[in-house]
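These notes are about the structure you will find just below.
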Protein chains: 2
Amino acid sequence: MTGDQERDVKRIEARAEAARTNLFGRMAAIYAASRKQAQDLLQVGGGISIVEWRTLWDLHEGGPMTIGDLALTQSTDHSQLSRALPQMRQKGLVSMRQAAQDGRQTIVSLTDRGREAYQCAMPIMGTRRACLGDVFTKAEMEELIGFLDRFEAFVRRPAKDILWKEEVE
Amino acid sequence: MTGDQERDVKRIEARAEAARTNLFGRMAAIYAASRKQAQDLLQVGGGISIVEWRTLWDLHEGGPMTIGDLALTQSTDHSQLSRALPQMRQKGLVSMRQAAQDGRQTIVSLTDRGREAYQCAMPIMGTRRACLGDVFTKAEMEELIGFLDRFEAFVRRPAKDILWKEEVE
DNA sequence: AATAAATACGTGACAAGTCATATATTTTCT
DNA sequence: AGAAAATATATGACTTGTCACGTATTTATT
């Protein structure tokens, strides 16, 4: 009974080591670290948020687009943009207008001030990508992206599929 | 002027395609999907949260440990555990007591009910890992983990390092 | 021994995601 | 044309993660 209540450092270390090879757990920690690094960098690059940076970048590269386009490009929920865009408009970074052809859509465009904000953050975020390019060769990066494609396909499977599949076997 | 205000579908599609090879952006979307899948599965496996599942699992494998041990094993902030553990104790899943050797520490242990909750969720989460094993060979998985080790080392670099490095070059 | 520094944990505030639901506008069907 | 279905966006509620700061306890220093 008492033995079960004891803290066993070796056993705990073994557990931590096992966790290192758990892809799901690793993704959580790695993404959290990646996000924090981006936030820190953007603090230097004009004090904008990650969502704002993505939006400036997408609008700069893709030109004016709807909120749905932005959500699709960023693989995120449109609600995140619904919340961020009014603030960005207030800061003068983007302009928004109802689409002429389809009144449900909102067309978002970069303003001059938005372009300035992009130019301010871009070198910093570009440096980051350049540094990442020193960590992986082109071939390795392609391989990693390929792995991630497969992993993403897996995690997008509905929970049902995963449970059913095992039942059948 | 008007041209700049037009939504250009081809250009937007090109932007979305470019985003596919952006590791940072991909990580965000993939982890979000992974988390959602885990939440859905845990809904079936006893209705526990991800933090609760991790904690049950770690305690089951690693035995009684401190809150700090749990945070380290899960590579997460201790605050997350500080919030989750009182609820878990209230549900009767874990017991907590002040460490004898060090009064600052709290030793967390699995209760019988906690073991039951683990046994309930484990088959489902185990099935998930088994299914992932069908997606990657052992060698591929090792390679992927190796890539992630390197990526993690990169995203854990302080923002300063990344900016300074480029200045020097 | 007394003080200073480090450590463990609790808690408030926030960012970035998710979903569900509501509303306005289009599109489709009869 | 009118009704029904689909779509685009807004919004509230929630989870998972971060940091900063406060307090209690332990360890180190003088």
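The figures here come from the full heavy-atom set of this structure, side chains too, leaving out hydrogens, waters and symmetry mates. Letters A, B, ... mirror the listed sequences (proteins, then strands); counts begin at 1. On a predicted model such as this, the values are computed, not experimentally measured, just so you know.
Rounded to whole Å, atom P of C:dC9 lies 12 Å from atom CG of B:Asp77. If you measure from atom CE of A:Met88 to atom P of C:dA15, you get 15 Å, rounded to the nearest angstrom. The distance between atom CD of B:Gln37 and atom C1' of C:dG17, rounded to the nearest whole Å, is 16 Å. In this entry the distance linking CD of A:Gln74 with P of C:dG17 reads 9 Å, nearest Å. The separation between B:Gln87 atom CD and C:dG10 atom C1' is 14 Å, rounded to whole Å. In this structure, the CG atom of B:Leu81 is 13 Å from the C1' atom of C:dA8, given to the nearest Å. Taking atom CD of residue A:Gln43 and atom P of nucleotide C:dA16, one finds them 11 Å apart after rounding to whole Å. Whole-Å rounding puts the A:Arg156 CZ to C:dG17 C1' distance at 12 Å.
Taking only side-chain nitrogens and oxygens, A:Gln80 never comes nearer than 4.0 Å to OP1 or OP2 of C:dA16. Of the side-chain N and O atoms in B:Lys36, one or more sit less than 4.0 angstrom from OP1 or OP2 of C:dC19. Residue A:Thr76 places at least one side-chain N or O under 4.0 Å from the OP1 or OP2 atom of C:dT18. Between B:Gln98 and the phosphate of C:dA8, there is no side-chain N or O to OP1/OP2 separation shorter than 4.0 Å. Side-chain N/O atoms of A:Arg83 include none lying less than 4.0 angstrom from OP1 or OP2 on C:dT18.
No chain of hydrophobic side-chain contacts below 4.5 Å, direct or via other Ile, Leu, Val, Met, Phe, Trp or Tyr residues, connects B:Met65 to A:Val9.
In this structure a side-chain-to-backbone donor-acceptor pair under 3.5 Å is present from A:Thr127 to A:Pro123. A:Gln80 contributes no side-chain N or O that, together with a main-chain N or O of A:Asp77, makes up a donor-acceptor pair within less than 3.5 Å. A donor-acceptor distance shorter than 3.5 angstrom exists from the side chain of B:Glu52 to the backbone of B:Ser49, with no hydrogens or angles considered. Side-chain atoms of B:Thr106 do not come within 3.5 Å of backbone N or O of B:Gln98 as any donor-acceptor pair.
A residue-by-residue look at A:Gly68 and B:Val51 shows that A:Gly68 has its nearest nucleotide of DNA chain D further toward the 5' end. With DNA chain C read from its 5' end, the first of the two nearest nucleotides for B:Ile67 and A:Gln101 is the one closest to B:Ile67. Residue whose closest nucleotide on DNA chain C sits further toward the 5' end, between A:Gly103 and A:Ser75: A:Ser75. Residue-to-nucleotide proximity on DNA chain D shows that, of A:Ile107 and A:Ala28, the 5′-proximal contact is made by A:Ile107.
Once rounded to the nearest 0.5 Å, the distance linking CG of B:Asp149 with CZ of B:Phe154 reads 15.5 Å.
Here B:Ile50 lies in heavy-atom contact (under 4.0 Å) with sugar-phosphate atoms only. Among the heavy atoms of the strands lying under 4.0 Å from B:Ser82 is at least one base atom, whether or not backbone atoms are also near. Among the atoms of the strands shown, only primed sugar atoms or phosphate atoms (P, OP1, OP2) are found under 4.0 Å from some heavy atom of A:Thr66.
Side-chain contact, A:Thr55 with A:Asp58: no donor N or O sits under 3.5 Å from an acceptor N or O. Between the side chains of A:Gln37 and A:Arg128, at least one donor-acceptor pair of N or O atoms lies under 3.5 Å.
With a heavy-atom cut-off of 4.0 Å to chain A, the contacted part of DNA chain D has its first and last nucleotide at D:dA6 to D:dC19.
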